[in-house]
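Hydrogens, waters and symmetry mates play no part in the numbers below; they use all other heavy atoms, side chains included. Note on naming: letters A, B, ... go to the chains in the order of the sequence lines (proteins, then strands), and numbering restarts at 1 for each one.
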Number of protein chains: 2
Amino acid sequence: MENSTKLLKEFNLKVTPQRIAIVDELYYKGHLNIDDLYSSMLNKFPSISLATIYKNVNSMVEKFFISEVKIPNSKSVYELIKEEHSHLVCENCNKIEDIVIDTSSVLEKLKSQSDFSVNYTNVVFTGVCSSCSK
Amino acid sequence: MENSTKLLKEFNLKVTPQRIAIVDELYYKGHLNIDDLYSSMLNKFPSISLATIYKNVNSMVEKFFISEVKIPNSKSVYELIKEEHSHLVCENCNKIEDIVIDTSSVLEKLKSQSDFSVNYTNVVFTGVCSSCSK
DNA sequence: CTGACTGCAAACGTTTTGCACGGTA
DNA sequence: TACCGTGCAAAACGTTTGCAGTCAG
């Protein structure tokens, strides 16, 4: 069975061709906003509705299968949930990369300064990617 | 001269009673979303328009006087621009606190892993604040 | 005095909803 | 077969725009 089908079942989402395509697209592209997703889906399903995109994205978010990534000064993108990671956003080409960075040193500092108990650490680096800085 | 008036002038924003009130409110409350800001303003200016809030917030953002803070799973809030800092968001009471944390250790790690050149580091910690965990 | 700001209403873009139909389990 | 997903159209929502009157510089 294909990977996307398996994943959808694991997250208790009914398997439809549209959903498989959304998962495939997120898998290959990594980060997509609603419009990108809609454009891509239109290639495969010329009569797909934007409402279908929204409904599916929303139910996938609810089931913690995908997550919304809020980017400063830009539209939100969606990505498949995986290991906790940070994001690199290029101001020049707008590309978003994932990077797994050990944030324990910052968490230690926080613990020494505050009584706040952290469940989730969100880090977004904005700057210029290696290909753009060449 | 009051503080807010002075600040508005420094940022080349014409001083109006509505703008002074917005700055005062942001100064005292720290972080406010558009609706909170509108509600507060309605107390002082019963006929203020939402459009006025938007127009002022937008021009203040353009002049780098205030900034939008995007919070995972929640509405954006606005704050006066000051020293770079991170945010603590309580999942329980939704309060947002500022915290100045040294993020150089994470930047060092990033530098050793990638060629990305960082201009701005955005950190949001989500969890439970000290008063809620009591 | 001039240009910018305000408040109102209309317009706009984005997201959600209701419904009839079709597909999945 | 029963329920859920799809596509369409309409509705709802948040934000922006245009305009006439007013105010700040």
Spacing of [X] atom [atom1] relative to [N] atom [atom2], expressed in whole Å:
{"X": "Arg19(A)", "N": "dG5(D)", "atom1": "CZ", "atom2": "C1'", "answer": "6 Å"}
{"X": "Leu50(A)", "N": "dG13(C)", "atom1": "CG", "atom2": "P", "answer": "14 Å"}
{"X": "Ile20(A)", "N": "dT6(D)", "atom1": "CD1", "atom2": "C1'", "answer": "15 Å"}
{"X": "Asn12(B)", "N": "dA24(D)", "atom1": "CG", "atom2": "P", "answer": "18 Å"}

Which residue is it: Asn56(A), Leu32(A), Val77(A)? I am looking for the one with a side chain to side chain contact (heavy atoms under 4.5 Å, CB included) to Leu37(A).
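That would be Leu32(A).
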In this structure, which one of Val124(B), Val123(B), Ile71(B) forms a side chain to side chain contact (heavy atoms under 4.5 Å, CB included) with Asn122(A)?
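Considering Val124(B), Val123(B), Ile71(B), a side chain to side chain contact (heavy atoms under 4.5 Å, CB included) with Asn122(A) is found only for Val124(B).
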Sorted by first residue and then second, give each ring-ring contact (aromatic ring centres under 6.0 Å, His included) pair with at least one member in residues 3-22 of chain A; sequence neighbours left out.
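As it turns out, the ring-ring contact (aromatic ring centres under 6.0 Å, His included) pairs with a partner in residues 3-22 of chain A, which skip direct neighbours, are Phe11(A)-Phe65(A).
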ring-ring contact (aromatic ring centres under 6.0 Å, His included) pairs, two or more places apart, involving residues 107-134 of chain A:
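Output for this query is empty, none listed.
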Please list residues of residues 57-79 of chain B whose heavy atoms come under 4.0 Å from any atom in DNA chain D, ordered by number; otherwise none.
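Here the set is Asn58(B).
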DNA chain D contacts made by residues 23-48 of chain B, counting heavy atoms under 4.0 Å
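Hits under 4.0 Å, by residue number: none.
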Do the side-chain N or O atoms of Gln18(B) get closer than 4.0 angstrom to the phosphate oxygens (OP1, OP2) of dC23(D)?
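No, because none of the side-chain N or O atoms of Gln18(B) sits under 4.0 Å from OP1 or OP2 of dC23(D).
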Could you list the residues that satisfy side chain to side chain donor-acceptor pair (under 3.5 Å) with Lys111(B), not counting sequence neighbours?
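So Lys111(B) forms no side chain to side chain donor-acceptor pair (under 3.5 Å) with any residue.
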Could you encode protein contacts along nucleotides 19-25 of chain C as a string, one character per nucleotide from 5' to 3', using B for base contact, S for sugar-phosphate-only contact and - for no contact, with a heavy-atom cut-off of under 4.0 Å?
-----BS
Side chain of Ser49(A): nearest nucleotide among dT6(D), dA9(C), dC8(D)?
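Selected nucleotide: dC8(D).
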Could you pull out all residues at least two apart from [X] that satisfy side chain to side chain contact (heavy atoms under 4.5 Å, CB included)?
{"X": "Lys14(B)", "answer": "Arg19(B)"}
{"X": "Glu68(B)", "answer": "Lys70(B), Ser76(B), Tyr78(B)"}
{"X": "Ile81(A)", "answer": "Phe64(A), Ser67(A)"}
{"X": "Tyr38(B)", "answer": "Leu42(B), Ile48(B), Leu50(B), Ile53(B)"}

Kindly list each side-chain donor-acceptor pair under 3.5 angstrom involving residues 127-134 of chain A, sequence neighbours excluded, with atom names and distances?
unit_1    : atom_1 : unit_2    : atom_2 : d
Ser133(A) : OG     : Cys129(A) : O      : 3.3
Ser133(A) : OG     : Ser130(A) : O      : 3.1

Tabulate below the donor-acceptor pairs under 3.5 Å that side-chain atoms of residues 88-105 of chain A make, not counting sequence neighbours, or state none.
unit_1    : atom_1 : unit_2    : atom_2 : d
Glu91(A)  : OE1    : Asn119(B) : ND2    : 2.8
Asp98(A)  : OD1    : His31(A)  : NE2    : 2.7
Asp98(A)  : OD1    : His85(A)  : NE2    : 3.3
Asp98(A)  : OD1    : His87(A)  : NE2    : 3.2
Asp98(A)  : OD2    : Lys82(A)  : NZ     : 2.4
Asp102(A) : OD1    : Ser104(A) : N      : 3.0
Asp102(A) : OD1    : Ser104(A) : OG     : 2.8
Asp102(A) : OD2    : Ser104(A) : OG     : 3.2
Ser105(A) : OG     : Ser105(B) : OG     : 2.9

